[in-house]
Amino acid sequence: MQRSQTGQSIMTSVIPGIGGCKSMGEVRVRFAPSPTGKLHIGGVRTALFNFLFAKKNSGKFILRIEDTDFERSKDEFLEDICNSLQWLKLNWDEGPDNRNPENKNEYFQSQRMEIYKEHAFKLLETGMAYRCFCSRERLDNLREKQKIEKSDFIGYDGHCRSLSMEEIEKNLEMKLPYTVRVKVPEGEISFDDMVREKITFPALNFDDFIILRSDLFPTYNFTVVVDDHLMNISHVIRGEDHISNTPKQIILYNAFKWEIPKFGHLPLIFGEDGKLLSKRHGAVSVLEFKEQGYLPEAIINFLALLGWSFDSEREVFSMEELIELFSVEKISKKAARFSYEKLLWYNTIYLNEKSPVEKLHLIKPYLLKEAAIKDWTGESEAKLLKLIEVCGDRIKKLPDLVFYAKPVFNEPESIDEKGEKKFLSSEENLRTLFTINSELNKINRTDFVSGRLEGIVRSITEREGLNPNKIFQAIRLILTGGLLSAGLFETMEIMGKETVVYRIEKYLKGKGIY
RNA sequence: GUCCUCAUCGUCUAGGGGCCUAGGACACUGGCCUUUCACGCCGGCAACCGGGGUUCGAAUCCCCGUGAGGACGCCA
């Protein structure tokens, strides 16, 4: 059987729908995470750029799960990855069916082991690869020796490359374990990177690396090449950390005489301290950001502009606009630092685009969780909608409303000490509050609106010759316990007459007034 | 150690020989507005890693340093 026929038959039998013909010019890209951890923000950026590139070029975005590390791969991580991508609306055209995660399909590498083995043996047949019977001890010693000698070359010395047929037969008969290594040809290897320029590696850099381990499971660089070819991947867009894997993969493409896809290597994302982004930088997994109250639109926009730019002016883009305007040429070469502040800024922008009803819907889980509201009724919902409007830009993240909602629905547990000292310590102020509260009490509860309230409070304080600002703060303290709130009179209106009058009265009574 | 990549305000970036006394955004900051906070408006601070070339002219091109990151596994 000839190589091309083999490829063909595997392709059609294993990936129905893709077919054998590599339609010229069709863009097919893939995102290939391994489910050994939650999807983190760096991965999302890679996925996003692949997605944008695919959509921009009317191509396909493929999700492939690299779950060959059986020890560390977990279904919960698979689920996390799928959920994260879907939450961000980075939907894949081909890939796992996550409504049915039990039923793993051909987009899982774990389901493709036979294919890899078959292809490795194909290379064995064509003489592009060979069996290596070297023991681990020998390899360890070799590497050790090379290090001590400060050799420029560290790697396999090709010991088994020229084993005779007889020796191989003999070893096989003795059931000696073996690995399969590619024969790496002489000569430097270079490729044109879509993001960078031409990248060239000197020949010295490569040893005959292993493609099949002694347990006959394939290695990473091998599976990637086989899959990318079989899945007709046209452009490989991935992190910069894969640059040095690329020549190895090119060696394999050449060994198979396969067409080499285009490669593009994205700069990495660092934490705010300039170190590679990791758990200790706070939130890194997508769903953590979701929990903290960030919007998917904000994350997408922020990530898109981290390492890519349109021009020097615009930096707010919807997904549709990103797809339309995306271009590989404008991808930066430089690793960028993640900025929670900038993300927050984007979040504010996208949050403000939402209607109060939409916001309330998104914020509801936080309100319930934080126990800010005991009974969720139509009345409380109406209050919350008003509060959302009144709070405006103060809500930068979803849970921020909790802070403003709490005092509306709950009596403050304590009062800010400094504030109390400053605004509520004088007898004069307390007496004025008493007068104000009596007036407030005379208002019909249906007339308890902010304009009316402000008029009353202002006229009384002015009549008493007091600074209205101080009285405003005093009222704010009694009602909310702190010095931060949305507009005072709007807040009072939302609280309603009973609550306001009751809290002021209670406070004054505590101070011996009434 | 070898190889690869990268290098403009604190951060994200614009810039591809003269338009640059380097532009925008976030952050910070002064002022205005204002019942607090936030928003908004006006203003400010702040950068071409160093050294050599090439050129009439360099942030932009070349070389050498330096720094940062990555890769060198029977991990992915």
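From a predicted model like this one, the values you see are computed outputs, not experimental measurements. Lettering follows sequence order; numbering is per chain, from 1.
- Atoms OH (A:Tyr130) and P (B:C74) sit 12 Å apart, rounded to a whole Å.
- Note on A:Ser485: a base of the nucleic acid sits closer than 4.0 angstrom, heavy atoms only.
- Note on A:Pro202: only backbone sugar-phosphate atoms sit closer than 4.0 angstrom, heavy atoms only; bases stay farther off.
- Separation of the C1' atoms belonging to B:G43 and B:U36 is 25 Å when rounded to the nearest angstrom.
- The gap from the C1' atom of B:G17 to that of B:G10 amounts to 30 Å, rounded to the nearest Å.
- For B:C74, the base has a donor-acceptor partner in the side chain of A:Ser214 [N/O atoms by modelled type, under 3.5 angstrom].
- Comparing B:U60 with B:A7, their P atoms are spaced 12 Å from each other, to the whole Å.
- With A:Phe49 as the aromatic partner, A:Arg45 meets the cation-pi criteria of under 6.0 angstrom to the ring centre and within 45 degrees of the ring axis.
- One interatomic measurement links the two molecules: CD of A:Gln473 to P of B:U35, which rounds to 11 Å at whole-angstrom precision.
- For the C1' atoms, the distance linking B:A58 with B:C19 amounts to 15 Å, nearest Å.
- Pair assignment for B:C6 gives B:G67, based on Watson-Crick or G-U wobble hydrogen-bonding distances that are each under 3.5 Å.
- For B:U66 and B:U29, the P atoms lie 39 Å apart once the distance is rounded to whole Å.
- Base engagement by A:Leu484 is indicated by at least one non-hydrogen atom pair under 4.0 Å involving a base atom.
- Contact of A:Arg476 with B:U35 (side chain to base): a donor-acceptor pair of N or O atoms is detected under 3.5 Å.
- For A:Phe302 and B:A27, the CZ to C1' distance is 13 Å, given to the nearest whole Å.
- At a cut-off of 3.5 angstrom, the base of B:A25 holds at least one donor-acceptor pair with the side chain of A:Lys342.
- Base engagement by A:Ile154 is indicated by at least one non-hydrogen atom pair under 4.0 Å involving a base atom.
- The distance from atom CG of A:Leu78 to atom C1' of B:A76 is 16 Å, rounded to the nearest whole Å.
- The nearest whole Å value for the distance from the NZ atom in A:Lys334 to the P atom in B:C49 is 10 Å.
- Figure legend: A:Arg181 and A:Tyr156 shown as a cation-pi pair, the cationic atom lying under 6.0 angstrom from the six-membered ring centre and within 45 degrees of its axis.
- Among the protein residues, A:Arg314 comes within range of no part of the nucleic acid, since none of its heavy atoms lies under 4.0 Å from any strand.
- Rounding to whole angstrom units, CG of residue A:Asp215 and C1' of B:C75 are separated by 13 Å.
- The environment of NZ in A:Lys383 is crowded: more than 12 heavy-atom neighbours from other residues, nucleotides or ligands sit within 6.0 Å.
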